[in-house]
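A, B, ... follow the sequence lines: proteins, then strands. Residue 1 opens every chain.
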There are 2 protein chains.
Amino acid sequence: MSSAANYLADVLKSLSQPTRLKIIDFLRAGERCVCEIFPAIDEEQSNTSRHLTSMQTHGILSRRKEGVKIYYAVKHPEVFEIIDRAEEIVKLEIDFRSGVIKESERG
Amino acid sequence: MSSAANYLADVLKSLSQPTRLKIIDFLRAGERCVCEIFPAIDEEQSNTSRHLTSMQTHGILSRRKEGVKIYYAVKHPEVFEIIDRAEEIVKLEIDFRSGVIKESERG
DNA sequence: TTGCTATATGATTATATAATCATATTTGAA
DNA sequence: TTCAAATATGATTATATAATCATATAGCAA
């Protein structure tokens with residue numbers, strides 16, 4: 001049935017979790033291996049690996065094997081655009097709410 | 001601590017669930033009341049109300065009361081841009097995967 | 001008031017998710 | 001071969017989430 005709609009939700013869900021957002025942010029600088037990623041984001045190796053595998057499965061990350069190391073990278077630049085837009089919303093909301101507080105403080 | 005990072009995740013999480021995506025898609029046409037939304041997306045009133053409340057809380061939707069009706073609208077155009085980008089990723093991935101299948105079929 | 005319509009919310013249940021610990025697997029090097 | 005490093009995965013647990021049903025609340029109209 002709604003395989004496309006669910007796929008869309010899966011893609012967005014991949015980008016909506018703090019640990020995964022930390023990974024993606026670290027990968028803004030480019031391809032990195034797991035051994036670089038998990039210390040950088042200060043998460044356990046196994047947890048990091050799960051999130052990486054999950055994001056690769058959902059088409060967010062690419063994966064490349066080189067010897068014993070696995071390199072991951074953000075596969076589509078749209079991923080960064082999505083996060084940048086979401087950050088704009090966060091900023092707008094913070095401004096909006098501080099504005100609302102000022103309004104109400106004014107009485 | 002990471003209130004900003006968690007807020008970012010919350011915003012994206014608001015956009016990563018099938019029912020909420022149906023709501024947002026319906027609201028592309030503009031502001032609508034709950035009584036219009038839940039039949040359009042074919043979900044229960046109470047479930048729809050919860051998602052609407054949740055998205056309003058996270059700054060995704062605006063809310064306006066008019067008599068007994070409550071009108072919701074998408075608050076930031078960035079929301080649509082995010083979803084459009086995610087849909088691009090879905091399309092790219094579908095193409096990519098069918099390409100991969102063709103590669104392997106070719107042997 | 002009474003009653004009707006619109007919306008929200010409490011309680012519950014089922015399911016999904018994230019994190020953790022322990023361990024398996026793979027690969028290159030000694 | 002044996003070993004160590006890198007990565008993945010099974011089992012478990014705690015928590016979050018979505019949906020549902022029943023009911024509460026708010027506001028308008030008769």
Item to complete: Assign B:Val34 to base, sugar-phosphate, or nothing according to its heavy-atom contacts below 4.0 angstrom with the strands shown.
Response: sugar-phosphate
Fill in: Crowding at CG, B:Asp42 (>12 non-hydrogen neighbours, <6.0 Å)
no
Item to complete: May I ask you to decide if B:Arg50's main-chain N or O and B:Ser54's side chain share a donor-acceptor pair within less than 3.5 Å?
Response: no
Discussion item. Can you tell me which nucleotide in D:dA6, D:dA26, D:dT9 comes closest to the side chain of B:Val68?
Written reply: D:dA26
Worksheet item: According to a strict under-4.0 Å criterion, is B:Arg63 in side-chain N/O contact with OP1 or OP2 of C:dA8?
Response: yes
Practice prompt. Give A:Tyr71 one of three labels, base, sugar-phosphate or nothing, depending on what nucleic acid heavy atoms sit under 4.0 Å from its own.
Written response: nothing
Worksheet entry | Given DNA chain C, 5'-ward residue of the pair A:Glu43 and A:Lys13, judged by closest heavy atom | A:Lys13
Worksheet entry | Length of the CG-P vector between A:Asn47 and C:dC21, whole Å | 11 Å
Worksheet item: Has the side chain of B:Arg50 got a donor or acceptor that lies under 3.5 Å from a partner of the other kind on the base of C:dT7?
Response: no
Practice prompt. Inspect the contact between A:Glu87 and A:Lys91 and indicate whether a charged nitrogen and a carboxylate oxygen are less than 4.0 angstrom apart.
Written response: no
Worksheet item: CZ of B:Arg64 versus C1' of C:dA6: gap in Å, rounded?
Response: 15 Å
Practice prompt. Would you kindly give the NZ-to-P distance between B:Lys65 and D:dT25, to the nearest whole Å?
Written response: 14 Å
Item to complete: Tell me what A:Gln17 touches on the nucleic acid: a base, only sugar-phosphate, or nothing, going by heavy atoms under 4.0 Å.
Response: sugar-phosphate
Practice prompt. Would you indicate, yes or no, if D:dA8 has its OP1 or OP2 atom less than 4.0 angstrom from a side-chain nitrogen or oxygen of A:Tyr72?
Written response: yes
Worksheet entry | Selection from D:dA6, C:dT7, C:dT9 that lies nearest to any side-chain heavy atom of B:Thr53 | C:dT9
Worksheet item: Has the side chain of B:Gln45 got a donor or acceptor that lies under 3.5 Å from a partner of the other kind on the base of C:dA8?
Response: yes
Worksheet item: So, the side chain of B:Gln17 versus the backbone of B:Arg20: is there a donor-acceptor pair under 3.5 Å, distance only?
Response: yes
Discussion item. Quick check: on DNA chain C, is the nucleotide nearest A:Glu66 upstream (toward 5') of the one nearest A:His51, or the reverse? Name the residue that is more 5'.
Written reply: A:His51
Worksheet entry | Residues B:Asp84 and A:Arg85 bridged, charged N to O under 4.0 Å | no
Response to the item:
The nucleotide from D:dT7, D:dA19, C:dT7 with an atom nearest the side chain of A:Cys35 is D:dT7
Fill in: Distance test, side-chain N/O of A:Ser46 to OP1/OP2 of C:dA22, below 4.0 Å
no
